[in-house]
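Written below as structure tokens is the structure these notes are about.
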Amino acid sequence: MPELPEVETVRIGLQQLLPGRVVASVDHDWPKSFPNAEADVQQFLIGASVVEVRRRAKVLLIDLSSQYTLVVHLKMTGQMVFRSQAERFGAGHPNESLVGELPDRSTRVTLTFVDGSKLFFNDQRKFGWVRLLPTTEVMNLDFFKKVGPEPLSADFDWHQLMERLQRRKNTNIKAALLDQTVVAGIGNIYADESLWSAKIHPTTLVRGVKPAQFHKLYDALVAVLRMAIEKGGSTDRNYVSAEGKRGSYLTFASVFRREGQACPRCGTTIIKTRVAGRGTHTCPVCQKPLSE
DNA sequence: CACTTGACCTGTCCGC
DNA sequence: TGCGGACAGGTCAAGT
């Protein structure tokens, strides 16, 4: 579901669509999806224009001219879908959007801009949220104080990845990769894909992983994340871009959601197990169950 | 402190 | 067909 590549794809789309638009109104009917008080909404959201759309880890940051920021976490089933005035009312089909008429029954928050365009926050399972914070306070959120480095940043290298993973030396490598305080943005899909690529079994204890394997894992992780962004992310069930389009990475995935199919490297049947409480996909031959 | 499990939610699918 | 339960999996809180 939305991991770094999906959130980055949404960010790229919103950055093309939103800057300069002025907020006219906001609608929301589920308090946990948008917890801000009405007074703050009136003072710092209504009338403000969008300046820039950023991302940190799996979180979207929509900076406003009011020096406030809309902080958005999509969690499992969140979507941020933009519709122009023309797309909402014009004749014919808006685009090849995967989602239909909006709002729909999973719409939790709707931002309406003065030009008649709208931004919909849809979230079937209600785990995600949108909240308005002063821009200077965003990085003081507990999550941001603890979250690890961006894996695609220029100064992140395999030594750093190894050292940070080794802070969790008694747990398995998959749990460590999923730990957002170790490295930011990795979720279930890209953990499985990068571990397969590096030929590391997900239950391998971190203390048993050798330096050369950490190096391979770093290369695999960066390659997988870059390709996933290029493909517009992975659409398993819910995920869509800001334009409402699917991502195509799963077409290229090696193991994720491919149980029963042949490993692209050796032809062995891919199996699905449970590791770190998550569905986990491995090749039982390429990824040896035990490291020594 | 290190680590694991359950809760938060809804929709879908599977077996009886 | 209907119904209970498992499952999907990001993050935080609570448990061991």
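A, B, ... follow the sequence lines: proteins, then strands. Residue 1 opens every chain. Note that this is a predicted model, so its numbers are computed, not measured.
The pair A:R21-A:D115 meets the salt-bridge criterion, since a charged nitrogen lies less than 4.0 angstrom from a carboxylate oxygen.
Considering only residues two or more places apart in sequence or on other chains, A:F120 meets the ring-ring contact (aromatic ring centres under 6.0 Å, His included) condition with none of them. Residues meeting the side-chain contact (heavy atoms from CB on, under 4.5 Å) test with A:L17, sequence neighbours left out: A:F82, A:A242, A:E243. Residues satisfying the ring-ring contact (aromatic ring centres under 6.0 Å, His included) test with A:F113, not counting sequence neighbours, are none. Shown here are the ring-ring contact (aromatic ring centres under 6.0 Å, His included) partners of A:F121, two or more places apart in sequence or in another chain: there are none. Residues that satisfy the ring-ring contact (aromatic ring centres under 6.0 Å, His included) test with A:F143, not counting sequence neighbours, are absent from this structure.
Atom P of nucleotide B:dA2 and atom CG of A:L205 are separated by 16 Å, given to the nearest angstrom. Atom CG in A:D179 sits roughly 11 Å away from atom C1' in B:dA2 (whole-Å rounding). Atom pair A:R274:CZ and B:dT4:C1' shows a separation of 14 Å (rounding to whole Å applied). At whole-Å resolution of the value, CZ in A:R164 and P in B:dA2 are 14 Å apart.
None of A:T203, A:D179, A:D192 except one satisfies the side-chain hydrogen bond (donor to acceptor under 3.5 Å, both in side chains) rule with A:K174; the exception is A:D192.
Residue pairs meeting the ring-ring contact (aromatic ring centres under 6.0 Å, His included) criterion with at least one member in residues 159-190 of chain A, sequence neighbours excluded: A:Y190-A:Y249.
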Open item on the list: Applying side chain to side chain donor-acceptor pair (under 3.5 Å) to A:T273 and A:T280, what does each step give before you reach the verdict?
Closed with: CA-CA 5 Å; A:T273 56; A:T280 297; 4.9 Å; no
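Residues from residues 249-259 of chain A with heavy atoms under 4.0 angstrom of DNA chain C, sorted by number: A:F256, A:R257.
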Open item on the list: Does the protein touch nucleotides 10-16 of chain C at the base, only the backbone, or not at all? Give it as B, S and - per nucleotide, heavy atoms under 4.0 Å.
Closed with: BBS----
Protein and nucleotides 11-13 of chain B: nitrogen or oxygen contacts under 3.5 angstrom:
{"from": "B:dG11", "atom 1": "O4'", "to": "A:Q124", "atom 2": "OE1", "distance (Å)": "3.2"}

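Every stem involving DNA chain C, taken as at least 3 paired positions in a row under the Watson-Crick or G-U wobble test at 3.5 Å, is listed here: B:2-8 with C:10-16, B:10-16 with C:2-8.
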Indicate every side-chain donor-acceptor pair of residues 52-62 of chain A with a distance under 3.5 Å to a residue at least two apart or in another chain.
{"from": "A:R54", "atom 1": "NE", "to": "A:D63", "atom 2": "OD2", "distance (Å)": "2.7"}
{"from": "A:R54", "atom 1": "NH2", "to": "A:D63", "atom 2": "OD1", "distance (Å)": "3.1"}
{"from": "A:R54", "atom 1": "NH2", "to": "A:D63", "atom 2": "OD2", "distance (Å)": "3.3"}
{"from": "A:R55", "atom 1": "NE", "to": "A:E8", "atom 2": "OE1", "distance (Å)": "2.8"}
{"from": "A:R55", "atom 1": "NH1", "to": "A:A57", "atom 2": "O", "distance (Å)": "2.8"}
{"from": "A:R55", "atom 1": "NH1", "to": "A:E150", "atom 2": "OE1", "distance (Å)": "2.9"}
{"from": "A:R55", "atom 1": "NH2", "to": "A:E150", "atom 2": "OE1", "distance (Å)": "3.1"}
{"from": "A:R56", "atom 1": "NH1", "to": "A:G148", "atom 2": "O", "distance (Å)": "3.1"}
{"from": "A:R56", "atom 1": "NH1", "to": "A:E150", "atom 2": "OE2", "distance (Å)": "2.9"}
{"from": "A:R56", "atom 1": "NH2", "to": "A:G148", "atom 2": "O", "distance (Å)": "2.9"}
{"from": "A:K58", "atom 1": "NZ", "to": "A:I186", "atom 2": "O", "distance (Å)": "3.2"}

Show me the donor-acceptor pairs within less than 3.5 Å that the side chains of residues 32-46 of chain A make with the rest of the protein, sequence neighbours left out.
{"from": "A:N36", "atom 1": "OD1", "to": "A:L132", "atom 2": "N", "distance (Å)": "2.7"}
{"from": "A:N36", "atom 1": "ND2", "to": "A:L132", "atom 2": "O", "distance (Å)": "2.9"}
{"from": "A:E38", "atom 1": "OE2", "to": "A:Q42", "atom 2": "NE2", "distance (Å)": "3.0"}

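Residues A:V23 and A:V114 fall into different hydrophobic clusters, defined by Ile, Leu, Val, Met, Phe, Trp and Tyr side chains chained together at heavy-atom separations under 4.5 Å.
Of the residues near DNA chain B, A:R167 and A:W30, the one whose nearest nucleotide (by heavy atom distance) lies more toward the 5' end is A:R167.
In this structure, A:N170 does not reach the B:dA2 phosphate: none of its side-chain N or O atoms is under 4.0 Å from OP1 or OP2.
In this structure, A:H215 and A:W158 have parallel ring planes: the angle between them is below the 30° cut-off, well short of the 60° mark.
When the P atom is compared between C:dT11 and B:dG11, the two are found 22 Å apart, to the nearest whole Å.
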